[in-house]
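Each chain gets a letter, A, B and so on, in the order the sequences are listed, and its residues count up from 1.
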There are 2 protein chains.
Amino acid sequence: MARIGVETIRRQQLIDATLKVIEEHGFQGATVGKIAALAGLSVGIVSHYFGGKQGLLEATMRHLLSSLQQDVSKLMADRPNTPRERLMAIVDANFSGVQTHAQSSKTWLAFWTQAMHSPDLMRLQRVNERRLLSNLMFYLRELMPEPQVRSTAQTIAALIDGFWLRAAMSEGRIEPSQAVTLCKTYIDQAIQANNGAS
Amino acid sequence: MARIGVETIRRQQLIDATLKVIEEHGFQGATVGKIAALAGLSVGIVSHYFGGKQGLLEATMRHLLSSLQQDVSKLMADRPNTPRERLMAIVDANFSGVQTHAQSSKTWLAFWTQAMHSPDLMRLQRVNERRLLSNLMFYLRELMPEPQVRSTAQTIAALIDGFWLRAAMSEGRIEPSQAVTLCKTYIDQAIQANNGAS
DNA sequence: ATCGAAATTGAACGCCCATTCAAAAAATTG
DNA sequence: CAATTTTTTGAATGGGCGTTCAATTTCGAT
């Protein structure tokens, strides 16, 4: 029993440290030495629990993705069950992480870049993207004719990614509330524009 | 006279090689050795002409940015001088590079990530972003009331970035024409939505 | 308290990289 | 052609990194 407990704790310690180090030093500067030091552990432990640096990075990205998914689920639960409100909840959830961790967008960007040359990370990224898209499409179907559903969903997804990118660029002075507002404005515009022509 | 010619040629050779190596091996895998080998030159030449690897990377990003700016200017010249057509030209220009180099979006993403931890690259990135934004705002001002201009411009910029990101993710199977269409659809929606309330 | 297994350490190792710079090659000049 | 300058080379250097694994510590059971 204690064995499983220790393993869970250590893994989480290392993942947390990885996030902090990437925030501070970037993906390139995130060395096993720095990560282990910040976690208060030795370098050998990384290989022991994750098989190596690459395994730790994958686990960290998995952690980020599941955190995002949890945010979506939580915000969904507290909202009225109307399609429009659900869409807004998705937008809110996708920007809720920015407020808590001012620099988390940097970490996402780092992972995206890394995923470009790592099939495993790329696969995780794709799964997440498909989920967002089908989520959006599910609610949009109730708000506009079918032919516009996919295009609108793709536009919303691009908008979310684009604002994340801009947030990452603005070096700390991010304004997620503005991004949320603009995303929501677009959604309402899209609903309105595609209903007159249904 | 020949001296300037050689220097210009060598610089361009190295920048071209840098782009190709980043496309193929990613930012992390872009070593001075690989770049020099692809350019058919020796490693020492990099320090000689660029002062080091960092200088070469900055010059390469400058080259990318100025290429984009040239694309915008060229497309502008061939279009009717109406605000809407100019906006569409900006969108087209921002996706024209994707078609020729299927993987150039990867390179952009790599530079964005790198810029996060390099003040020089960040400065270049910011200049470019400001130019895009003020360009968009200039033409939007003629199409909608002032209060909506900035928000709409920011949304268009985010949309462009977001679709670039998605293009980078889709590993070769990118469809820039679709991204262009969706951006344009948004622009027309925004014009329409903000004119009834002027 | 003792033993054995699990967890942890961290120095040692090998690899890769950017940079340097003396020497060579090429180009230019007189 | 000889002298001089410019351009280019690439082996040597030094540093940083991830991984390994024998030794040590911690922990639970008896």
Side-chain angles (χ1 to χ4, degrees), chain A residues 1-61 110-111 113-114 117-121, chain B residues 1-61 110-111 113-114 117-121:
Chain A
M1 175 161 33
R3 185 173 136 257
I4 294 177
V6 166
E7 181 164 343
T8 304
I9 291 171
R10 293 286 176 268
R11 288 178 105 97
Q12 195 58 51
Q13 280 180 329
L14 288 170
I15 287 174
D16 289 345
T18 302
L19 288 173
K20 282 180 190 160
V21 171
I22 290 178
E23 276 179 21
E24 192 169 353
H25 298 95
F27 207 87
Q28 310 220 34
T31 68
V32 172
K34 284 181 195 157
I35 292 169
L38 187 65
L41 299 167
S42 72
V43 295
I45 214 75
V46 171
S47 294
H48 185 251
Y49 282 121
F50 292 97
K53 188 186 186 183
Q54 187 64 23
L56 173 57
L57 293 176
E58 281 181 35
T60 304
M61 187 167 184
F111 272 111
T113 305
Q114 185 65 11
H117 297 275
S118 157
D120 293 319
L121 292 182
Chain B
M1 175 159 29
R3 185 172 134 257
I4 295 177
V6 168
E7 180 164 341
T8 305
I9 291 171
R10 293 287 175 269
R11 284 178 171 267
Q12 196 58 51
Q13 281 180 328
L14 288 170
I15 288 173
D16 289 344
T18 302
L19 289 173
K20 282 181 191 159
V21 171
I22 290 178
E23 275 179 21
E24 192 170 354
H25 298 95
F27 207 88
Q28 310 220 33
T31 68
V32 172
K34 285 181 195 157
I35 292 170
L38 188 64
L41 299 167
S42 72
V43 296
I45 214 76
V46 171
S47 295
H48 185 252
Y49 281 120
F50 292 98
K53 187 184 185 182
Q54 186 65 21
L56 173 56
L57 294 177
E58 280 180 37
T60 304
M61 186 168 185
F111 272 111
T113 305
Q114 185 64 12
H117 297 275
S118 159
D120 293 319
L121 292 182

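Following rounding to the nearest Å, B:Phe50 (CZ) and C:dA18 (C1') show an atom-to-atom distance of 16 Å. The CG-C1' distance, from B:Leu56 to C:dT19, rounds to 14 Å in whole Å. Rounded to a whole Å, the CZ atom of B:Arg10 is 12 Å from the P atom of C:dA26. The distance from atom CG of A:Leu41 to atom C1' of D:dT26 is 14 Å, rounded to the nearest whole Å. Regarding A:Ile45, its CD1 atom lies at a distance of 5 Å from the P atom of C:dT9, rounded to whole Å. In this structure, the NE2 atom of B:His25 is 15 Å from the C1' atom of C:dC17, given to the nearest Å. The interatomic distance linking B:Arg11 (CZ) with D:dT8 (P) rounds to 12 Å, in whole Å. One interatomic measurement links the two molecules: NE2 of A:His48 to P of C:dA7, which rounds to 6 Å at whole-angstrom precision.
A distance of 8.0 Å separates NE2 in A:His48 from CD in A:Glu7, rounded to the nearest 0.5 Å. To the nearest 0.5 Å, the span separating CD1 on B:Ile9 from CG on B:Leu14 amounts to 12.0 Å. Atoms CE and CG, on B:Met61 and B:Leu121 in that order, are 5.5 Å from each other to the nearest 0.5 Å.
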At a cut-off of 3.5 Å, list every protein nitrogen or oxygen paired with a nitrogen or oxygen from nucleotides 15-18 of chain D, distance to 0.1 Å.
unit_1	atom_1	unit_2	atom_2	d
D:dG18	OP1	A:Val32	N	3.4
D:dG18	OP1	A:Lys53	NZ	2.6
D:dG18	OP2	A:Val32	N	2.9

Pick out the pairs of N or O atoms, protein on one side and nucleotides 20-25 of chain C on the other, that lie under 3.5 Å.
none

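When side chains are defined from C-beta on, B:Gln12 counts as touching B:Asp16, because their heavy atoms get closer than 4.5 Å.
By the 6.0 Å contact criterion, CD on A:Glu24 is open, its count of non-hydrogen atoms from other residues, nucleotides or ligands being 12 or less.
Shortest non-hydrogen contact noted between B:Arg11 and B:Tyr49 is NH2-O, 3.0 Å. Closest non-hydrogen pair, A:Leu57 versus A:Phe111, comes out as O-CE2, 3.4 Å. Between B:Ala110 and B:Ile22, the shortest heavy-atom distance links the atoms CB-CG2, 4.2 Å.
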Return a table of donor-acceptor pairs under 3.5 angstrom between the side chains of residues 29-45 of chain B and protein atoms on other chains or two or more places apart.
unit_1	atom_1	unit_2	atom_2	d
B:Thr31	OG1	B:Lys34	N	3.2
B:Lys34	NZ	B:Gly29	O	3.0

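Contact annotation: B:Tyr49 reaches the phosphate of D:dT8 (side-chain N/O to OP1 or OP2, under 4.0 Å).
Summary for the helix from C:dA1-D:dT30 to C:dG30-D:dC1: the axes at its two ends, each from 5 pairs, differ by 10° when rounded to the nearest 10 degrees.
In this structure, the side chain to side chain donor-acceptor pair (under 3.5 Å) partners of A:Thr113, at least two apart in sequence or on a different chain, are B:Thr113. In this view, B:Phe50 satisfies the ring pair (Phe, Tyr, Trp, His ring centres under 6.0 Å) rule with no residue, not counting sequence neighbours.
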